[in-house]
Amino acid sequence: MASTGPINVIAVSGSLRRDSFNTATLRACQSLAPDDMTIELFDPERLAEFPLFSEDRSAQGLPEPVAELCDKIMAADGVLIANPEYHHSMSSVTKTMIDWVSRSPDKPFNQKPIAITGASTGPMGGPWGQYAVRTCFIPLEGLVLNRPEVFVKSSKTKFDESGKLTDNATAEELGAFLGAFAGWIRTVGGQAR
Ligand SMILES: Cc1cc2nc3c(=O)[nH]c(=O)nc-3n(C[C@H](O)[C@H](O)[C@H](O)COP(=O)(O)O)c2cc1C
């Protein structure tokens with residue numbers, strides 16, 4: 001069911017690096033989003049407190065930082081993930097985040113609109129990393145936006161020293177991506193909203 005009203009998105013960066021291009025991409029998204037969309041960046045320092053995943057550990061309940069992210073995802077209209085490609089796959093940070101959130105009895109990703117992007121210093125921008133993330137949302141039944149895809153390639157050339165996006169073409173791509181995500185949320189996000 002299509003919905004109206006403001007859209008709230010929670011964004012998660014798959015990199016804990018202080019000067020991360022993926023976190024910088026999400027910060028750029030905050031200002032490139034449509035007027036009716038607000039993007040909250042989940043604090044990377046909080047994400048750094050997620051333990052490595054173990055079923056023994058999850059049997060004891062969700063660690064507090066995990067529960068915090070789960071609550072934010074449950075309350076959000078959509079989830080935006082920026083994933084760095086590591087060895088043609090996703091980063092361990094992204095995977096740890098997905099594995100932990102998947103253990104919540106609330107199933108925060110189920111039927112949740114999700115958009116995936118990513119920045120990489122390589123010339124292709126990390127497509128294998130993004131596709132690895134997409135695959136996780138098949139069993140989790142997340143509603144992943146198919147297109148447009150944005151691969152922030154050669155990322156060292158796209159941001160200034162402060163982490164500000166300086167490449168106009170990338171800004172346009174991200175703007176179109178976020179506009180499509182808003183449309184996707186309004187189209188499929190009825191249950192989550
Ligand atoms: C362990 C490791 C593996 C990497 N593998 C890839 C890769 O397969 N493809 C790619 O394009 N970049 C690869 N990179 C480069 C990352 O894209 C680059 O470090 C990027 O800046 C990481 O994202 P961040 O800036 O958000 O931390 C790799 C980097 C590391 C540390």
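Every number for a ligand or one of its atoms is a count from 1 in the order of the listing.
At most 12 heavy atoms of other shown residues, nucleotides or ligands fall within 6.0 angstrom of atom CG in Asp35. In the displayed structure, Arg103 atom CZ is contacted under 6.0 Å by at most 12 heavy atoms of other residues, nucleotides or ligands.
Residue pairs satisfying the ring-ring contact (aromatic ring centres under 6.0 Å, His included) criterion with at least one member in residues 136-159, sequence neighbours excluded, are listed as follows: Phe21-Phe159, Phe109-Phe137. Residue pairs meeting the salt bridge (charged side-chain N to carboxylate O under 4.0 Å, His left out) criterion with at least one partner in residues 129-151, sequence neighbours excluded, do not occur; the list is empty.
Residue-level contacts of ligand 1 at the 4.0 Å heavy-atom threshold are Ser15, Arg17, Ser20, Phe21, Asn22, Pro84, Glu85, Tyr86, His87, His88, Ser120, Thr121, Gly122.
Pro44 and Leu16 get closest at one heavy-atom pair: O-CD2, 3.6 Å.
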Report, one line per pair, each donor and acceptor closer than 3.5 Å where one atom sits in a side chain of residues 67-74; sequence neighbours left out.
{"from": "Glu68", "atom 1": "OE1", "to": "Arg46", "atom 2": "NE", "distance (Å)": "2.7"}
{"from": "Glu68", "atom 1": "OE1", "to": "Arg46", "atom 2": "NH2", "distance (Å)": "3.0"}
{"from": "Lys72", "atom 1": "NZ", "to": "Glu40", "atom 2": "OE2", "distance (Å)": "2.7"}

